[in-house]
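It should be emphasised that the depicted structure is a prediction, and the values quoted were computed from it without experimental measurement. Counting from 1, the numbers follow the sequence of the chain as shown.
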Amino acid sequence: METLGSLLQHNLLQESFRDAWTRLLESSAKFHVVTWGTLLLYLSSYYLASLPGFIYQFIPAMKKYKIQQDKPETWEDQWKCFKMTFYHIFTLHIPLSLAVYFYVEYANLPCDWNSMPRWYSAILQIFGCFLIQDAWEYFMHRLMHHKTLYPYLHKVHHDFQAPFSIQATYAGQAEILIFGAGFSFGTFIFCHHLFSLWLWVVARIVQNTHVHSGYDVPWDPLRLVPFAATSRFHDFHHMNFHGNYAAIFTWWDELFGTDKEYENYNARGRQKEMKEHDN
Ligand SMILES: [Zn+2]
Ligand SMILES: [Zn+2]
């Protein structure tokens with residue numbers, strides 16, 4: 001049973017969100033709200049979601065959570081990634097934000113408050129998007145590791161053996177567009193409102209920067225979610241180059257046995273720990 005206090009709080013929260021949303025829509029022409037809103041949302045989410053992983057390197061107590069202890073992030077590598085993400089703004093993200101506007105316009109995607117999905121259906125829609133993205137990414141990623149395609153499509157992303165969060169989108173444009181197709185499939189199927197589309201943008205960025213953070217922290221909520229790919233899971237792909245091709249859920253790798261090397265690696269780690277404990 002909801003108490004009166006929580007009900008009032010809920011209503012207050014909803015009302016302030018409704019006011020903010022309506023003000024945003026009325027603040028400028030639809031073109032500006034959708035195009036620049038999408039771009040700003042993308043960029044702020046990307047850099048904000050990368051921030052924890054970036055800050056960890058300056059905190060000595062966080063060192064023990066770094067997954068590949070022997071490969072700390074360097075300024076040179078991070079600067080290299082930052083420059084590439086900056087370059088992508090002009091070559092990818094501005095054109096893609098324009099594409100979002102044209103999609104919203106021509107698919108007649110509702111933007112108004114009244115047709116906004118309820119929070120629980122928005123969560124379900126994002127979950128559906130993740131399912132599609134994950135399956136698409138698993139098979140495309142495996143394909144990109146084929147020796148004839150790898151040098152042209154995926155080599156850049158493997159420049160660093162130990163990932164760090166700002167490195168999440170350090171990749172060639174073709175790779176970003178191919179993986180991005182999975183993003184659009186989810187959007188077309190599940191996101192029937194501008195809010196869902198924007199929520200999907202944020203969720204995808206947070207998930208992608210998280211698995212590239214290079215840190216496995218004990219408070220990671222994904223540790224409690226069955227079949228969720230953690231930062232440790234994707235880190236292994238960068239370290240080992242083979243296996244763990246999915247980066248959202250682990251089931252495709254389990255089904256096709258592409259997580260075997262990871263399982264063996266973990267088993268060896270546990271054995272080593274037990275031996276050290278016994279001595
Ligand atoms: Zn790869
Ligand atoms: Zn990666």
Under 3.5 Å, side chain of [X] to main-chain N/O of [Y], donor-acceptor pair present?
{"X": "Asp253", "Y": "Tyr245", "answer": "yes"}
{"X": "Glu261", "Y": "Thr258", "answer": "no"}
{"X": "Gln207", "Y": "Ala247", "answer": "yes"}

Do [X] and [Y] have side chains that get closer than 4.5 Å, going by heavy atoms?
{"X": "Phe249", "Y": "Tyr138", "result": "no"}
{"X": "Glu73", "Y": "Gln167", "result": "no"}
{"X": "Leu39", "Y": "Trp36", "result": "yes"}
{"X": "Phe236", "Y": "Asn240", "result": "yes"}
{"X": "Phe130", "Y": "Trp200", "result": "yes"}
{"X": "Gln125", "Y": "Leu199", "result": "no"}
{"X": "Val211", "Y": "Phe233", "result": "no"}
{"X": "Val156", "Y": "Met84", "result": "yes"}

Side chains of residues 175-194: which donor-acceptor pairs under 3.5 Å do they make with residues two or more places apart or in other chains?
from: Glu175; atom 1: OE1; to: His154; atom 2: ND1; distance (Å): 3.0
from: Glu175; atom 1: OE2; to: His154; atom 2: ND1; distance (Å): 3.2
from: Ser184; atom 1: OG; to: Gly180; atom 2: O; distance (Å): 3.1
from: Ser184; atom 1: OG; to: Ala181; atom 2: O; distance (Å): 3.3
from: Thr187; atom 1: OG1; to: Phe183; atom 2: O; distance (Å): 2.7
from: His192; atom 1: NE2; to: Ile189; atom 2: O; distance (Å): 2.9
from: His193; atom 1: ND1; to: Phe195; atom 2: N; distance (Å): 2.9
from: His193; atom 1: NE2; to: Asp112; atom 2: O; distance (Å): 2.7

When rounded to the nearest 0.5 angstrom, what distance separates [atom1] in [X] from [atom2] in [Y]?
{"X": "Thr85", "Y": "Lys80", "atom1": "OG1", "atom2": "NZ", "result": "13.5 Å"}
{"X": "Thr250", "Y": "His234", "atom1": "OG1", "atom2": "NE2", "result": "14.0 Å"}
{"X": "Ile248", "Y": "Glu137", "atom1": "CD1", "atom2": "CD", "result": "5.0 Å"}
{"X": "Leu124", "Y": "Ser196", "atom1": "CG", "atom2": "OG", "result": "11.0 Å"}
{"X": "Trp252", "Y": "Phe227", "atom1": "CH2", "atom2": "CZ", "result": "12.5 Å"}
{"X": "Thr38", "Y": "Ile94", "atom1": "OG1", "atom2": "CD1", "result": "12.0 Å"}

Heavy-atom closest contact (Ser27 atom, Val33 atom, distance): OG-CG2, 4.1 Å
Residue pair Ala61 / Lys64: nearest heavy atoms and the distance that separates them: O-NZ, 3.1 Å
Donor-acceptor pairs under 3.5 Å, side chain of residues 263-271 to any protein atom, not counting sequence neighbours: which ones?
from: Asn264; atom 1: ND2; to: Lys260; atom 2: O; distance (Å): 3.4

Contacts of type side chain to side chain contact (heavy atoms under 4.5 Å, CB included), residue Ala107, not counting sequence neighbours: Tyr103
Ala168: side chain to side chain contact (heavy atoms under 4.5 Å, CB included) partners, not counting sequence neighbours: Tyr46, Asn208, Thr209, His212
Derivation and outcome, ring-ring contact (aromatic ring centres under 6.0 Å, His included), residues Tyr150 and Phe241: CA-CA 12 Å; Tyr150 178 77; Phe241 187 69; 5.1 Å; yes
Ring-ring centroid check Trp113 Phe17, cutoff 6.0 Å: yes
Have [X] and [Y] got a donor and an acceptor in their side chains that come within less than 3.5 Å?
{"X": "Gln57", "Y": "Gln78", "result": "yes"}
{"X": "His141", "Y": "His157", "result": "no"}
{"X": "Tyr56", "Y": "Ser165", "result": "no"}

From Tyr87, Trp79, Phe86, Phe160, residue fulfilling ring pair (Phe, Tyr, Trp, His ring centres under 6.0 Å) relative to Tyr170: Phe160
Aromatic plane relationship, Tyr101 with Phe31 - under 30° parallel, 30 to 60° tilted, over 60° perpendicular: perpendicular
Salt bridge (Lys or Arg N to Asp or Glu O under 4.0 Å) partners of residues 209-223, not counting sequence neighbours, each pair once: Asp216-Arg223, Asp216-Arg232
Steps toward ring-ring contact (aromatic ring centres under 6.0 Å, His included) verdict (His237, His158): CA-CA 9 Å; His237 175 72; His158 278 278; 4.8 Å; yes
Enclosure of Tyr106 OH (heavy-atom neighbours >12, cutoff 6.0 Å): no
Greater than 12 external heavy atoms within 6.0 Å of Glu76's CD: no
Cluster link Leu96 to Val201, ILVMFWY, side chain under 4.5 Å: no
Those residues that, when tested against Lys155, pass salt bridge (charged side-chain N to carboxylate O under 4.0 Å, His left out) (two or more places apart): none
